[in-house]
Trainee: 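Have a look at this one before I ask anything.
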Amino acid sequence: NTPTDEQVQGFILAQYDILWDEYEDGAALLNENQLVEVRFSELEKDPIKVVRHIYNALEIEFSEEHKRKIKAEIGDKQFVKNKHRNLHPDMKEKLWERWGQSFYRLDYEDVRSLK
């Protein structure tokens, strides 16, 4: 049987709920120097700075060799972001109702204001 759009949507929404709960439960078990949260936008903007921050927060030495390897891996690659359709306002509201707490906790923009 092929699932309906509503069933697929419900599954996706539920999977995020499960993953978020597992993440929060696991994070609560860690010491401050065992978990570092970073924004993808910051990593994208300045990967070396963000990786250095991660190393420092985890109390791991960040060497010039690490910096060289990151630069070599990134090189002159030009990444093209995926483009997605705009979400319907009803879907934005549904996402905020279901996932707003995690968006707020992670300091993400309110999905309802996104275009």
Trainee: With a 6.0 Å cut-off (strictly less than), is the heavy-atom count around CD of Glu73, excluding the residue itself, greater than 12?
Mentor: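 Not buried by this count: 12 neighbours or fewer within 6.0 Å.
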Trainee: Listed by chain and number, what are the side chain to side chain donor-acceptor pair (under 3.5 Å) partners of Arg52, not counting sequence neighbours?
Mentor: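 With neighbours one apart ignored, the set is empty.
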Trainee: I'd like to check Glu24 versus Gln101 (side-chain heavy atoms, cut-off strictly below 4.5 Å). Are they in contact?
Mentor: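 No, too far: nothing below the 4.5 Å cut-off.
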Trainee: Which atoms form the tightest heavy-atom contact between Ala27 and Leu35, and what is the distance?
Mentor: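 Minimum heavy-atom separation between Ala27 and Leu35: CB-CD2, 3.6 Å.
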Trainee: Give the cluster check for Ile74 versus Phe62: same hydrophobic cluster or not, with ILVMFWY residues linked at side-chain heavy-atom distances below 4.5 Å.
Mentor: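 As far as the 4.5 Å side-chain criterion goes, Phe62 and Ile74 are connected within one cluster.
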Trainee: Does some side-chain heavy atom of Tyr104 sit less than 4.5 Å from a side-chain heavy atom of Asp110?
Mentor: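 Sidechains of Tyr104 and Asp110: no contact.
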Trainee: Does atom CD (Gln34) have a neighbourhood of more than 12 heavy atoms from anything else shown, all under 6.0 Å?
Mentor: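 More than 12 within 6.0 Å, yes.
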Trainee: My understanding is that only residues two or more places apart in sequence, or in another chain, count here; which of them pass salt bridge (charged side-chain N to carboxylate O under 4.0 Å, His left out) with Lys81?
Mentor: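 For Lys81, the residues satisfying salt bridge (charged side-chain N to carboxylate O under 4.0 Å, His left out) (neighbours in sequence not counted) are Glu44.
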Trainee: Within this structure, what is the CD1-CG distance for the pair Ile48 and Leu43, rounded to the nearest 0.5 Å?
Mentor: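 Result: 11.0 Å between the selected atoms.
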Trainee: In Å, rounded to the nearest 0.5 Å, how long is the span from CG of Asn56 to NE2 of His53?
Mentor: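 The distance works out to 8.5 Å.
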Trainee: Under the 3.5 angstrom rule, does the side chain of Glu42 hit a backbone N or O of Arg39 as a donor-acceptor pair?
Mentor: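 A pair under 3.5 Å: no.
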Trainee: Glu61 and His66: which non-hydrogen atoms are nearest, and at how many Å?
Mentor: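 Shortest heavy-atom contact: O-CE1, 3.4 Å.
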Trainee: Can you see which heavy atom on Gln7 is nearest to which on Thr2, and at what distance?
Mentor: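 The answer is OE1-O, 4.5 Å.
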Trainee: So, are Glu65 and Arg68 salt-bridged, with charged N and O less than 4.0 Å apart?
Mentor: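 Yes, this pair counts.
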Trainee: How long is the gap from CD1 on Ile12 to CZ on Arg98, to the nearest 0.5 Å?
Mentor: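 Rounded to the nearest 0.5 Å, the CD1-CZ separation comes out at 11.0 Å.
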Trainee: Are Ile70 and Val38 in one and the same hydrophobic cluster, where Ile, Leu, Val, Met, Phe, Trp and Tyr link if side-chain heavy atoms are under 4.5 Å apart?
Mentor: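 Yes; tracing contacts between hydrophobic side chains, which count when under 4.5 Å, links both residues.
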Trainee: Assign the ring pair Trp96 / Phe103 to parallel, tilted or perpendicular, where the plane angle (0 to 90°) is split at 30° and 60°.
Mentor: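 Aromatic pair Trp96/Phe103 classed tilted.
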Trainee: Other residues, nucleotides and ligands only: do more than 12 of their heavy atoms fall within 6.0 Å of CG on Asp5?
Mentor: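 Counting other residues, nucleotides and ligands, CG of Asp5 stays at 12 neighbours or fewer.
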Trainee: So, applying side-chain hydrogen bond (donor to acceptor under 3.5 Å, both in side chains) with Ser102, which one of Trp20, Tyr16, Tyr23 is it?
Mentor: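 So, applying the side-chain hydrogen bond (donor to acceptor under 3.5 Å, both in side chains) to Ser102 and each of Trp20, Tyr16, Tyr23, only Tyr16 qualifies.
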